[in-house]
Amino acid sequence: MYKVYQKTILACLLLVMTGTVYSQRVTQTINDGWKFSLFEGDASTADFDISGWTDVSIPHTWNAKDAEDEIPGYFRGKGWYRKLVTVEELIPEQRVYLSFEGANQETNVFVNGTFVGNHKGGYSAFTFDVTDYVHAGRNLIAVSVDNSHNPDIAPLSADFTFFGGIYRDVYLVYTSPVQLSATHYASSGVYLKASKITDLQANISVKTFLSNALKSNQSLILETEILDADGNRVALSQKKVNVKAEEKNVAFESLMTITQPKRWDVDSPYIYKVYSRLKNKKEEVLDCVVNPLGIREYHFDAEKGFFLNGKYRKLIGTSRHQDYKGMGNALRDEMHIRDVQLSKDMGSNFLRVAHYPQDPVVMQMCDKLGLLTSVEIPVVNAITQSKAFMDNCVEQVTEMVCQNYNYPSVIIWAYMNEVLLRPPFNPENKKERADYMTFLHQIASAVEAQIRSLDSERYTMLPCHSTSQIYQEAGITELPMLLGFNLYNGWYGGSLSGFEEKLEELHREFPHKPLLITEYGADVDTRIHSFSPMRFDFSCEFGSIYHEHYLPEILKRDYIVGAMVWNLNDFYSEARRNAMPHVNNKGVVSTDRERKDGYYLYQVYLKESPVLHIASKSWKNRAGASRDGKSCTQPLKVYTNADKVEVFLNGKSLGVYPVSDKVVSVDIPFVNGENVVDAVIEKEGREYRDQYVCNFQCVNVKSGFTEVNVLLGAQRYFEDRTAELCWIPEQAYEKGSWGYIGGKVAPNKTRYGSLPASDTDILGTDQDPIFQTQRVGIEAFKADVPDGVYAVYLYWTELTSENKREALVYNLGNDVVKEEYANRVFSVDINGVSVAGQMNIAEEYGSERAVIKKYIVPVSKGKGLVIRFGAVESVPILNAIRIVKEY
Ligand code: GCB
Ligand code: CA
């Protein structure tokens with residue numbers, strides 16, 4: 001009985017399957033079970049020995065670990081992927097395609113040993129027709145991907161790591177031989193545009209590309225059906241079309257109308273679904289694709305700003321890079337999706353998809369959540385004066401527009417980020433300069449023209465760095481409809497108020513261009529804090545001051561049509577040597593998506609629902625110098641859109657504080673040990689509460705001394721999360737306390753001026769900030785600790801280096817600074833005992849390397865600890881000191 005039943009099901013299933021066989025375009029990932037190896041030669045043939053290759057799954061990059069290690073640079077070269085892929089006969093006379101969402105940056109595909117196709121450009125999709133190379137059964141697919149520098153492929157240089165590999169999904173696609181074109185720039189083959197939008201109706205123009213691989217002409221029916229969000233048909237077009245034998249990518253246009261159209265908007269992202277079906281004369285569906293359709297109208301005005309569906313909107317949001325801690329750019333769909341969700345939850349209505357087109361799921365999420373977007377091609381910093389480079393730019397922009405055309409979220413196409421930041425010409429050579437400018441103008445014009453010919457609806461944008469005059473000199477500010485400026489006043493140099501001065505200046509310079517602040521931001525390492533925050537100290541507190549200054553200035557100017565924080569997330573940039581080497585820390589979330597305070601600051605400004613956030617909540621291990629060893633007062637910020645907040649410490653109210661400008665700073669008398677801080681607001685009769693719990697160490701040498709961890713030459717606090725302890729800033733010695741005697745804060749000269757910490761990647765540690773500051777010429781460090789046995793750890797790094805650094809790619813304008821290399825020899829003596837006579841850190845260990853020495857020291861007769869440093873050659877240094885009472 002059971003068996004019979006099963007058989008019937010099977011028969012029904014078969015029936016269903018054969019019945020629907022024509023209508024099914026089959027799209028499936030082939031991500032798993034690849035063999036991988038780095039290899040410069042040719043590994044495409046079946047007999048190639050792949051023993052020893054690694055098993056990998058796509059998304060994959062070979063640079064994931066490279067980005068985390070200390071060795072400067074990352075592998076840029078060729079990697080091979082191989083897999084036996086089973087091809088089945090699913091559709092009569094089927095066509096078979098290999099489709100890549102993205103592989104960085106030049107890809108060659110081989111099927112059963114035969115070359116099939118090449119693609120240049122690391123950030124767009126491409127599809128190859130492999131029908132003629134495959135057979136039913138198992139087929140060897142071999143793919144080489146090369147991420148080495150190629151002067152003819154953009155980007156040439158940029159402040160992000162060019163992770164190599166097949167880092168987005170790969171698909172095997174089966175279609176009917178008569179089809180909605182599967183190879184029209186790897187798009188869906190269908191292009192939708194809404195126009196003449198009124199409350200009564202909207203025109204929908206549909207351009208459909210068809211292909212016919214058969215040797216006979218085909219008379220077909222092209223059907224386009226538009227469904228509303230509930231699945232009801234709102235428009236239908238059926239058209240008889242003829243596609244000649246073996247014709248590819250023939251375009252057919254139809255005009256449809258939707259009555260009483262519902263608008264796609266940022267807070268009601270209404271999406272219609274458009275089914276494109278190709279049928280034969282028997283009305284059998286041969287092929288079908290579905291596209292989203294959003295009906296919205298918008299315009300930019302240089303004075304009044306941006307309007308969506310007639311309503312003023314200040315465009316606010318972030319940019320986003322596509323990498324994640326420890327994974328490089330090889331992210332699964334759900335991780336991309338989470339990022340867009342994060343962006344929306346921050347209160348954004350805009351996402352700058354920068355500096356390159358991203359995974360399709362990113363765009364789908366923007367559509368669904370109501371985030372407007374700009375998408376751009378990765379031409380960054382410079383161009384190559386070659387025809388091949390120019391052609392590649394046009395190719396990349398064509399792919400970008402075609403592949404992202406139907407997403408309602410997209411309103412801007414952009415190109416050339418800060419393209420005159422690092423031009424390779426000699427600035428003194430007038431001819432070189434003029435030639436470069438001319439060629440640049442040619443490329444920009446070609447790209448602009450290509451966008452406008454493909455898409456008459458959207459705006460175009462050029463994101464520039466702050467030196468606008470050089471873009472004027474090249475004549476390229478005339479070309480795009482919008483201008484973007486990346487501004488970092490008060491970060492790379494100058495003051496915070498330089499920002500608003502620059503805005504006024506730009507508006508005077510470009511009165512007729514709508515202006516966007518396409519970037520602004522400050523690096524924040526959440527392990528670092530400071531109560532005297534400064535640019536480049538990487539503290540949470542400076543990051544907050546920066547955004548607290550910028551955001552209101554942006555919001556109060558209508559002529560600034562939008563602004564995007566650089567960046568949503570911290571991202572890898574191999575050349576960077578900051579608090580966290582190889583990472584750009586300007587994200588409002590970290591590389592593993594820990595929300596920083598800046599993230600909540602935006603929520604407070606942008607969300608209408610109640611928002612309450614205690615700043616620096618991730619600072620779990622906190623410490624501070626304490627007079628009595630029992631308590632220590634430190635400021636704590638609370639962000640809220642309520643007008644007052646009550647703050648409690650360990651259950652006791654510290655008072656009700658009025659809130660102006662969304663932020664209030666409260667002095668908290670932390671006690672030794674666990675502290676629970678509660679902040680409470682009331683909105684519309686409901687109570688909201690945020691809580692901060694930390695372990696506080698009141699550092700004091702007298703009563704109950706356990707340990708002290710001091711950063712020399714620093715006003716920073718640093719949380720070592722691996723050991724769960726807190727480093728505190730130096731102080732000058734006073735009797736009965738602890739501190740340094742003599743010397744001065746290291747100058748830390750960099751191209752951005754004298755900074756609070758050295759921009760050095762300290763080798764041999766992942767706690768770089770401990771070593772990145774120092775006191776130069778220190779005479780002694782004293783701590784009046786009680787009698788006992790102590791472990792004294794001295795931390796050194798020679799921060800000056802003989803190696804003159806190359807200019808970094810993100811150098812925003814200034815010259816390379818030649819540091820003086822200090823060859824220092826000094827002596828160390830602890831409590832009168834000489835422990836080193838000729839300490840030479842640079843000679844013994846090399847520059848930029850972490851050196852820690854531990855000494856066991858008995859302290860008796862109330863004499864405390866005295867560590868003395870004596871100059872032998874040049875002057876002594878000390879970067880940090882840790883004193884622990886053993887017994
Ligand atoms: C910029 C660049 C961006 C960098 C950023 C920074 O202007 O467009 O790629 O990452 O500055 O952090 O310096
Ligand atoms: Ca994907």
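In listed order, ligands and their atoms are each counted from 1. Bear in mind the structure is a predicted one, so any value in this text is a computation, not a measurement.
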(request) Go through ligand 1 atom by atom and flag the ones less than 4.0 Å from a non-hydrogen atom of Arg576. (result) 6 (C), 12 (O), 13 (O)
(message) Under 4.0 Å, heavy-atom basis, I'd like to know which part of Tyr492 is in contact with ligand 1: side chain, backbone, both or neither.
(response) side chain
(request) State, without any angle test, whether Asn291 and Ser188 hold a side-chain donor-acceptor pair at a distance under 3.5 Å. (result) yes
(message) If we count only N and O atoms by modelled type, under 3.5 Å, do the side chains of Tyr174 and Gln28 hold a donor and an acceptor together?
(response) no
(message) For atom 7 (O) of ligand 1, tell me which residue out of Lys586, Glu418, His355 has the closest non-hydrogen atom.
(response) Glu418
(request) State the count of protein N/O/S atoms located less than 3.0 Å away from the Ca ion (ligand 2). (result) 5
(message) With a cutoff of 4.0 Å, is Tyr488 in contact with ligand 1, counting heavy atoms of the residue only?
(response) yes
(request) Would you mind listing which atoms of ligand 1 come within a distance below 4.0 Å of any non-hydrogen atom of Asn486? (result) 7 (O), 8 (O)
(message) Does the residue Glu519 have a heavy-atom contact with ligand 1, meaning some pair of atoms that are separated by less than 4.0 Å?
(response) yes
(message) Using the salt bridge (charged side-chain N to carboxylate O under 4.0 Å, His left out) definition, which of the options Glu500, Glu504, Glu505 pairs with Lys502?
(response) Glu505
(message) Does the Lys NZ or Arg CZ of Lys586 fall within the cation-pi geometry relative to Tyr488 - under 6.0 Å from the ring centre and within 45° of the axis?
(response) yes
(request) Tell me which part of Asn417 gets within contact of ligand 1: side chain, backbone, both or neither, using heavy atoms under 4.0 Å. (result) side chain
(request) Using a 4.0 Å heavy-atom threshold (strictly under), name the region of Asn584 that reaches ligand 1: side chain, backbone, both or neither. (result) side chain
(request) Run the salt-bridge test on Arg352 and Glu376 with the 4.0 Å N-O cut-off and return the result as yes or no. (result) yes
(message) Please find the pair of heavy atoms, one from Ser99 and one from Thr127, that lie closest to each other, and give the distance.
(response) OG-OG1, 2.9 Å
(request) Compute whether any side-chain donor of one residue and acceptor of the other, for Ser530 and Glu541, lie under 3.5 angstrom apart. (result) no
(request) Let me know which of Thr526, Asp523, Asp525, Asp570 forms a side-chain hydrogen bond (donor to acceptor under 3.5 Å, both in side chains) with Asn585. (result) Asp570
(message) Suppose we screen for ring pair (Phe, Tyr, Trp, His ring centres under 6.0 Å). Which residues come up paired with Tyr191, at least two apart in sequence or across chains?
(response) His184, Phe209, Tyr405
(message) Among Arg576, His355, His321, exactly one meets side-chain hydrogen bond (donor to acceptor under 3.5 Å, both in side chains) together with Asp159. Which residue is that?
(response) Arg576
(message) Taking 4.0 Å as the limit for heavy-atom contacts, which would you say applies to Phe571 with ligand 1: side chain only, backbone only, both, or neither?
(response) side chain
(message) If we only consider heavy atoms of His321, is any one of them less than 4.0 Å away from an atom in ligand 1?
(response) no
(message) With a 4.0 Å cut-off on N to O distance, would you call Arg338 and Glu334 a salt bridge?
(response) no
